[in-house]
Amino acid sequence: MATNGDDEVVVSNKQVILKSFVNGVPKQSDMYLNTTGSISLRVEQGSNTVIIKNLYLSCDPYMRHRMTLGDDPEFAAYPLGSPIEGFGVGKVVESGYPELKKGDLVWGVTGWEEYTLIKNPQTLFKINDTDVPLSYYTGILGMPGVTTWAGFYEICAPKKGEYVYISAASGAVGQLVGQFAKLFGCYVVGSAGSEEKVELLKKKFGFDDAFNYKEEHDFDAALKRRFPQGIDIYFEHVGGKMLDAVLPNMRTFGRIAACGMISQYNLEHPEGVYNMTNVVTKRIRIQGLLAFDYFPQYAKFLEVVLPSVREGKVVYVEDVAEGLENAPAALVGLFSGRNVGKQVVVVARE
């Protein structure tokens with residue numbers, strides 16, 4: 001920490017930088033830790049900007065899109081040589097924004113660095129409820145939680161007793177969908193990539209059944225065994241062969257909330273889906289979702305979810321990586337299924 005003649009505080013600011021655009025599976029070497037950066041902890045007079053100290057960072061599959069140069073306006077590529085961005089939790093250390101003051105806790109999109117200058121602080125959510133772990137605002141009480149709530153309740157409009165299938169079910173969103181569905185009175189099956197995760201789904205999260213997709217050579221047969229009566233709701237995280245197997249197993253007027261397609265993100269040529277005729281004959285509704293569309297309803301979301309967290313009706317498993325230097329490995333691990341639960345990076349505990 002240093003000061004200049006105007007008592008301006010300048011501190012070191014480690015950053016995770018994108019070194020090169022990614023083709024195929026991302027590698028740790030596509031990023032590097034810059035240890036020579038610094039930042040002033042003063043905002044310009046009359047500015048609405050905010051400086052936050054980052055505490056927790058969220059690793060999310062959608063970040064893979066931003067590591068490739070493309071023309072998708074929803075997922076602009078990270079600028080090379082700059083810190084990557086993602087959702088995180090931080091503490092305000094200086095503010096020119098009237099609605100936030102020094103010491104406030106917030107969550108929202110931030111840089112993968114120790115301190116971030118936020119130029120559009122109206123996108124941040126002030127954290128008022130601190131009787132739950134702060135890291136939960138990267139997950140169950142943050143973007144993944146909003147995604148779950150919107151996809152399950154708003155898009156899928158569940159009915160008690162319906163049959164629900166969730167792929168990539170032990171991840172940040174999947175574990176929540178299953179628990180919400182059980183609380184609603186549905187029959188729930190999930191798939192995951194290891195026996196450890198399968199046991200987690202059944203014993204920790206209360207799924208009715210679960211299977212290791214890596215041990216199943218015929219997804220269609222695996223689904224028929226577990227859903228002889230068919231699937232009413234499918235929460236889609238995987239795409240490709242899994243989606244193709246799900247479609248013939250959907251019931252009439254089934255609903256699919258398409259949250260992600262992680263099996264396709266690293267492919268040069270995405271896999272085709274061949275069973276789309278079922279969408280017509282069974283009148284299946286498929287809708288994609290991005291949490292951003294539902295952020296205006298965040299207060300409504302908290303009213304539904306926060307009591308369940310406080311009362312222990314919903315549990316949440318996190319996979320925690322300590323230190324900004326371990327953030328690249330944590331992010332890359334998402335695409336091999338290395339994480340168990342929501343992947344979080346701790347930058348600072350306070």
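Keep in mind that what you see is a predicted model, and the values were worked out from it rather than measured.
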Give a yes or no answer on whether the side chain of Asn13 reaches the backbone of Gly37 with a donor-acceptor pair at less than 3.5 Å.
-> no
Do Leu33 and Val16 come close enough that some side-chain heavy atom pair is under 4.5 Å?
-> yes
Measure from the ring center of Tyr298 to the ring center of Trp107 and say whether it is less than 6.0 Å.
-> yes
State, to 0.1 Å, how close Lys197 and Val340 come at their nearest heavy-atom pair, and which atoms those are.
-> CE-CG2, 4.1 Å
Hey, is the main chain of Gly111 close enough, under 3.5 Å, to the side chain of Asn54 for a donor-acceptor pair?
-> yes
Reported CD1-to-CG distance for the pair Ile284 and Leu247, which is rounded to 0.5 angstrom | 5.5 Å
Phe301 ring center near Tyr294 ring center (under 6.0 Å) = no
Between Tyr56 and Tyr137, ring centroids under 6.0 Å = no
Least distance between heavy atoms, His237 atom then Ala168 atom | CB-CB, 3.7 Å
Would you call Arg310-Asp129 a salt bridge at under 4.0 Å N-O?
-> yes
Can Leu302 be reached from Phe292 by stepping across I, L, V, M, F, W or Y side chains whose heavy atoms are under 4.5 Å apart?
-> yes
State, yes or no, whether a side-chain contact exists between Trp149 and Glu154 at a heavy-atom distance under 4.5 Å.
-> yes
Worked check of side chain to side chain contact (heavy atoms under 4.5 Å, CB included) between Lys202 and Asp209 = CA-CA 6 Å; Lys202 292 192 288 188; Asp209 201 355; 4.1 Å; yes
Short side-chain donor-acceptor distance under 3.5 Å, Lys342 and Ser58 = yes
Whether Asp244 side chain and Val273 backbone form a donor-acceptor pair below 3.5 Å = no
Stacked cation flag Arg283 on Phe253, 6.0 angstrom / 45 deg = yes
In plain terms, say whether Lys241 and Asp220 are close enough for a salt bridge, that is, a side-chain N and a carboxylate O under 4.0 Å apart.
-> no
Look up atom CE in Met143 and atom OG1 in Thr148, then write down how far apart they are to the nearest 0.5 Å.
-> 9.5 Å
Out of curiosity, does Val109 fall in the hydrophobic cluster containing Tyr97 (side-chain heavy atoms, cut-off under 4.5 Å, transitive links)?
-> no
Just wondering, do Asn266 and Pro26 contact through their side chains at under 4.5 Å, heavy atoms?
-> yes
If you measure from NZ on Lys204 to OG on Ser170, what distance do you get to the nearest 0.5 Å?
-> 13.5 Å
Side-chain contact test, heavy atoms from C-beta onward, threshold under 4.5 Å: evaluate it for Met63 versus Tyr78 and give yes or no.
-> yes
To the nearest 0.5 Å, how far apart are CD in Gln15 and OG1 in Thr36?
-> 8.0 Å
CD1/Ile166 to OG/Ser191 distance, rounded to the nearest 0.5 angstrom?
-> 9.0 Å
Member of Arg251, Lys282, Arg285, Lys160 meeting the salt bridge (charged side-chain N to carboxylate O under 4.0 Å, His left out) criterion with Asp232 | Arg251
Classify the angle between the aromatic ring planes of Tyr62 and Phe75 as parallel (below 30°), tilted (30 to 60°) or perpendicular (above 60°).
-> tilted
Do the side chains of Arg349 and Glu322 get nearer than 4.5 Å, heavy atoms only?
-> yes
Between the side chains of Glu271 and Ser263, is a donor N or O closer than 3.5 angstrom to an acceptor N or O?
-> no
To the nearest 0.5 angstrom, please state how far the CD atom of Gln175 sits from the CD atom of Glu318.
-> 8.5 Å
Report yes if some heavy atom in the side chain of Pro158 is under 4.5 Å from a heavy atom in the side chain of Ile233; otherwise report no.
-> yes
Establish whether Leu183 and Val315 are linked, either directly or via other cluster members, by ILVMFWY side-chain heavy-atom contacts under 4.5 Å.
-> yes
